[in-house]
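Heads up: the structure comes next, in structure tokens.
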Amino acid sequence: MQILRADAMGMCFGVRDALAATEQVEQPDQVTMHGELVHNGEVLARLDARGFRRSPERARAVPATPAVLITAHGVSDRERARLAAAGKQILDTTCPLVRRAHEAAQLLEREGRRVVVIGRAEHVEVRGIVEDLQRPVVVAGPEQVQRWPEARLGVVCQTTTPDERVAATFAAIRAANPHADVRLIDTVCNPTKARGRALEELLPRVDALVVVGGRDSNNTRKLAERGRARGVPTCHVESERELVPGWFEGRRAVGLTAGTSTLPETIERVHRWLCLLAATAPVRAS
Ligand code: SF4
């Protein structure tokens with residue numbers, strides 16, 4: 001059994017920089033993380049162990065600690081102002097590419113467009129974008145697109161949306177709103193695009209795929225969905241502990257990829273487990 005790694009995978013610079021910022025915090029028990037820093041149970045357990053407080057993702061109460069850490073997923077300007085007005089020290093680790101998505105949405109609104117966000121309405125990043133807009137609409141994909149009465153529409157995307165979903169949804173928006181002037185600003189981030197492209201190159205070369213990352217991680221789930229959609233048996237795991245030797249029986253080439261919130265050491269542990277299995281499981285003769 002061969003193990004083939006995707007050329008681009010795992011932790012992006014946005015999550016890495018946010019984690020590095022937490023390392024600089026001297027009194028973690030005085031800081032509340034506003035929502036999950038990353039959708040990765042292993043990382044969250046480490047932060048909990050250091051003493052960081054966490055507010056639930058949909059919490060509206062102002063945290064009790066003197067400092068609040070805004071995660072890489074960002075918050076709305078409105079929420080940032082609310083925290084500042086409450087006298088909180090704000091440690092802002094918003095990814096610059098999330099910030100770019102906010103700015104794009106606000107630019108489109110200033111152009112007199114109703115903003116349509118392609119993404120998951122319940123995701124913390126999308127909530128942050130739409131909270132600063134007048135009459136936004138969120139659509140998860142082409143199936144949720146409608147005809148809207150506005151003559152001008154502006155479209156942005158959750159940063160971790162797969163390219164093909166953006167293309168299909170944008171095409172559906174144009175088809176359903178032929179009367180409207182529709183402008184798309186593609187706000188999918190480059191790390192997400194690079195991981196998608198690397199997976200596309202990998203899929204024709206493997207007969208099974210392992211995707212490593214948190215179950216709540218949007219982009220990790222999308223990588224697994226992409227593998228399954230292409231007919232490649234796909235196993236989504238958070239760590240090597242979830243791998244089952246029997247699942248790999250008879251596989252000739254197994255692909256390995258990981259979401260943007262997955263720690264490098266978690267990927268390496270999964271890779272080592274697979275290599276060990278490959279060394280002890282001979283390929284069946286065809
Ligand atoms: S996935 Fe993209 S937008 Fe999100 S933190 Fe990483 S680089 Fe930034």
Side-chain angles (χ1 to χ4, degrees), residues 6-24 33-44 46-47 54 57 69-77 79-80 90-107 117-132 138 140 155-166 184-200 211-226 236 238 257-267:
D7 282 345
M9 68 164 140
M11 192 162 278
C12 61
F13 77 90
V15 172
R16 191 191 59 223
D17 290 356
L19 282 178
T22 67
E23 298 296 327
Q24 306 303 316
M33 290 190 295
H34 213 42
E36 286 192 357
L37 184 73
V38 288
H39 294 122
N40 178 313
E42 193 174 355
V43 175
L44 293 175
R46 285 189 200 179
L47 294 166
R54 267 202 268 159
E57 292 242 322
L69 186 143
I70 294 173
T71 72
H73 300 299
V75 294
S76 62
D77 294 345
E79 180 64 1
R80 199 177 274 104
I90 295 177
L91 310 175
D92 194 349
T93 70
T94 305
C95 174
L97 300 184
V98 171
R99 208 182 292 277
R100 181 175 153 257
H102 284 241
E103 288 164 1
Q106 289 170 21
L107 170 74
V117 181
I118 302 173
R120 286 171 53 215
E122 72 280 10
H123 193 280
V124 60
E125 177 192 321
V126 174
R127 290 208 311 274
I129 293 171
V130 300
E131 269 178 21
D132 286 329
V138 181
V155 184
V156 296
C157 332
Q158 185 176 342
T159 54
T160 50
T161 312
D163 278 339
E164 63 274 16
R165 178 163 286 256
V166 173
L184 166 72
I185 301 181
D186 182 351
T187 52
V188 175
C189 71
N190 279 335
T192 294
K193 287 178 184 285
R195 281 147 189 72
R197 277 195 303 268
L199 180 57
E200 284 301 328
V211 181
V212 191
R215 296 208 199 289
D216 292 338
S217 160
N218 189 51
N219 72 87
T220 306
R221 281 206 309 255
K222 297 289 182 212
L223 291 171
E225 281 170 20
R226 194 184 290 221
H236 175 178
E238 294 197 338
T257 188
T260 54
S261 54
T262 310
L263 289 167
E265 53 265 42
T266 310
I267 300 171

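Atoms within a ligand are numbered from 1 in the order they appear, just like the ligands themselves. Residues: numbered from 1 along the sequence shown. Heavy atoms only: backbone and side chains are in, while hydrogens, waters and symmetry mates are out.
A donor-acceptor pair under 3.5 Å is formed between the side chain of Gln158 and the backbone N or O of Arg120.
In this structure, Arg197 has no salt bridge (Lys or Arg N to Asp or Glu O under 4.0 Å) partners at least two apart in sequence or on a different chain. Judged as a salt bridge (Lys or Arg N to Asp or Glu O under 4.0 Å), and not counting sequence neighbours, the contacts of Arg54 are Asp48. Judged as a salt bridge (Lys or Arg N to Asp or Glu O under 4.0 Å), and not counting sequence neighbours, the contacts of Asp163 are Lys193.
Taking a cut-off of 2.8 Å, the protein N, O or S atoms nearer than that to atom 8 (Fe) of ligand 1 are Cys95 SG.
More than 12 heavy atoms of other residues, nucleotides or ligands shown are found within 6.0 angstrom of CG on Asp77.
For Glu225 and Lys222, the salt-bridge test passes: some basic side-chain N is under 4.0 Å from an acidic carboxylate O.
Within ligand 1, counting atoms from 1 as listed, the ones closer than 4.0 Å to a heavy atom of Thr160 are 1 (S).
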